[in-house]
Amino acid sequence: MNNTDRVFNFSAGPSMLPLEVLEQAAKEMTNYGGSGQSIMEMSHRSKEFGSVIEAAEQNLREIMNIPKNYKVLFVQGGGTLQFAMIPINLFRKSKKADYIVTGSWAKKAAKEAKKFGEVNIIASSEETTFSYIPEVKKEQFTKDADYVHITFNNTIYGTKYPYIPDTGDIPLVADMSSCILSEEVDVSKFGLIYAGAQKNVGPAGVVIVIVREDLLGYAPADAPTYLDYNTHADNGSMYNTPPTWGIYMAGEVFKHIKKLGGVAALEKINKEKAKKLYDYIDSSSLYNCPVEEKDRSLMNVVFVTGNTDLDKKFTEAAKKEGLVNLGGHRSIGGMRASIYNAMPMEGVDILIEFMKKFESENK
Ligand SMILES: *Cc1c(COP(=O)(O)O)cnc(C)c1O
């Protein structure tokens with residue numbers, strides 16, 4: 001396999017994976033570790049797969065510096081099923097939760113939680129089409145809320161939290177689907193972190209849940225067994241057949257991150273990649289980034305020309321150059337360059353070169 005037939009894929013998800021990891025997986029595709037089988041064909045109860053899932057968890061704990069009193073779970077159902085599993089498991093006293101609404105995913109999470117209890121939208125940036133992250137103070141949270149939910153990086157609108165809200169004793173829950181492992185975070189500030197794998201970790205089909213142990217054990221008795229976090233915590237994520245291939249791939253990505261120098265090293269590169277792109281957009285007379293500077297995402301860079309026909313021409317012309325999936329989310333249009341961990345600096349450089357050329361040709 002070589003690199004020359006690959007495109008720079010700016011998709012918001014599923015998205016690029018490190019070429020080195022893909023090549024390693026290809027090598028092991030038909031015969032994993034001398035077992036004579038593919039990971040996909042292997043019993044999840046086998047010794048080989050046992051080592052795969054154990055190493056994946058250990059390496060994730062290491063690169064995220066996850067404290068001992070947190071469980072790491074590998075589950076299915078996407079970020080979307082977490083929108084329901086969170087209220088089912090964390091509504092344990094008042095059945096009230098506070099949600100900060102910073103985009104479509106946050107809105108969906110809040111809507112789902114309403115099926116299970118009282119949801120208070122304590123802040124929202126919807127009035128400006130989610131162009132910023134509201135600043136929320138400790139006094140604003142509902143005193144007896146069971147948890148506070150935030151979407152740490154807003155994939156569609158291109159914002160991210162520049163701070164971790166101080167919720168006092170109320171557990172903070174964060175959707176990190178599109179930013180997990182992109183920058184260092186202090187896990188101990190959160191009650192629960194969740195992330196679908198397909199944006200920054202691996203193939204679709206696995207969801208990572210990192211949950212503080214004292215929050216487990218509150219799912220009601222009539223909750224479906226699979227939806228109780230304890231089911232997964234008590235069984236090492238192997239109550240039923242886990243998504244074995246996805247866990248293997250995620251594990252390979254964790255190893256790769258360790259080799260690169262950990263999340264701190266990725267954060268440094270991610271900041272350089274994002275700064276280059278934002279600096280160019282801000283300096284250009286054709287493109288404009290609608291997001292408030294302090295809240296700009298490191299992962300999803302949203303920009304527009306202000307002319308929908310020109311936006312369309314841009315994404316089509318870019319595609320011809322091997323720069324694919326630059327269209328903005330179908331709900332807002334414009335452009336979006338998702339530059340997750342696996343997007344090399346070279347991809348950003350080539351994108352900027354293309355943007356300059358397009359600008360000079362479309363004045
Ligand atoms: C993509 C995404 C989701 C939804 O994930 P699915 O795996 O498709 O259910 C949820 N939250 C955020 C922030 C996302 O980017």
Side-chain angles (χ1 to χ4, degrees), residues 9-17 73-88 97 99-113 115 119 124-126 129-134 147-162 164-165 172-183 185 190 192-210 226-227 232 242-243 245-247 249-250 253 270 274 291 295-302 325 327-332 336-343:
N9 180 8
F10 294 92
S11 166
S15 41
M16 283 180 87
L17 287 169
L73 314 176
F74 297 107
V75 297
Q76 303 190 59
T80 299
L81 188 56
Q82 291 311 304
F83 298 165
M85 278 176 81
I86 287 157
I88 288 172
Y99 278 69
I100 302 179
V101 172
T102 50
S104 315
W105 295 117
K107 239 173 133 169
K108 282 186 176 158
K111 189 175 169 208
E112 191 76 352
K115 296 181 178 176
V119 167
S124 165
S125 49
E126 191 164 14
T129 324
F130 303 116
S131 65
Y132 71 100
I133 299 289
Y147 65 92
V148 173
H149 180 282
I150 61 172
T151 309
F152 211 60
N153 182 78
N154 295 277
T155 326
I156 297 173
Y157 300 93
T159 60
K160 85 161 180 93
Y161 277 75
I164 297 175
L172 179 62
V173 173
D175 180 353
M176 293 201 186
S177 291
S178 50
C179 60
I180 190 165
L181 301 173
S182 66
E183 60 176 337
V185 290
F190 298 86
L192 187 150
I193 292 169
Y194 66 101
Q198 72 272 25
K199 313 241 161 93
N200 222 1
V201 175
V206 194
V207 182
I208 295 164
V209 177
I210 301 163
Y226 191 89
L227 302 189
H232 306 284
W245 176 257
I247 291 168
M249 285 295 288
V253 169
N270 287 332
V291 177
D295 301 330
R296 287 177 176 176
S297 169
L298 293 177
M299 299 281 98
N300 311 99
V301 178
V302 167
N325 291 317
H329 189 267
R330 59 184 189 278
S331 61
I332 57 166
R336 170 177 53 177
S338 294
I339 50 172
Y340 296 117
N341 285 348
M343 173 61 67

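Along the sequence shown, residues are numbered consecutively beginning with 1. Whatever order the structure lists ligands and atoms in, that order sets their numbers, starting from 1.
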J.: Quick one: does ligand 1 sit under 4.0 Å from the side chain of Val207, the backbone, both or neither, non-hydrogen atoms only?
T.: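 Contact part for Val207 vs ligand 1: neither.
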J.: Do the numbers put Lys199 on top of the ring of Trp105, so that NZ or CZ is under 6.0 Å from the six-membered ring centre and no more than 45° off the axis?
T.: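 Judged by the rule (NZ or CZ under 6.0 Å from the ring centre, within 45° of its axis), Lys199 counts as positioned above Trp105.
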J.: Which atoms of ligand 1 are found less than 4.0 Å from any heavy atom of Lys199?
T.: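 It comes down to these atoms of ligand 1: 1 (C), 2 (C), 3 (C), 14 (C), 15 (O).
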J.: Please identify which atoms of ligand 1 are closer than 4.0 Å to at least one heavy atom of Gly79.
T.: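 In order of number, 5 (O), 6 (P), 7 (O), 9 (O).
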J.: I'd like to know if Ser177 contacts ligand 1, where contact means a heavy-atom distance under 4.0 Å to any ligand atom.
T.: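 Heavy atoms of Ser177 do come under 4.0 Å of ligand 1.
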J.: May I ask whether Gln198 has any heavy atom positioned less than 4.0 angstrom from an atom of ligand 1?
T.: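 Gln198: in contact with ligand 1 (<4.0 Å).
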J.: Looking at Thr151, which atoms of ligand 1 are within less than 4.0 Å of one of its heavy atoms?
T.: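 So the answer, numbered in order with elements, is 13 (C).
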J.: Could you walk me through whether His232 and Tyr226 pass the ring pair (Phe, Tyr, Trp, His ring centres under 6.0 Å) check?
T.: CA-CA 8 Å; His232 306 284; Tyr226 191 89; 4.4 Å; yes
J.: For atom 9 (O) of ligand 1, what is the nearest protein heavy atom, given as residue, atom name and distance?
T.: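 For this ligand atom, the closest protein heavy atom is Thr80 OG1, 2.5 Å.
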J.: How are the rings of Phe190 and Phe152 set to each other: parallel, tilted or perpendicular (split at 30° and 60°)?
T.: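 Plane angle over 60°, so perpendicular.
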J.: Measuring from Met249:CE to Leu17:CG, what's the distance to the nearest 0.5 Å?
T.: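 Reported to 0.5 Å precision, the distance equals 5.0 Å.
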J.: Any atoms of ligand 1 less than 4.0 Å from a non-hydrogen atom of Gly78? List them with their elements.
T.: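 Near Gly78, meaning under 4.0 Å from one of its heavy atoms, ligand 1 has 7 (O), 9 (O).
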J.: Tell me whether ligand 1 is touched by Phe83 - counting only heavy atoms on the residue side and a distance under 4.0 Å.
T.: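 It does, in that a heavy atom of Phe83 comes within the 4.0 Å cut-off of ligand 1.
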J.: Starting from atom 15 (O) of ligand 1, which protein heavy atom do you reach first, and at what distance in Å?
T.: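 In this structure, atom 15 (O) of ligand 1 has Thr155 OG1, 2.5 Å as its nearest protein heavy atom.
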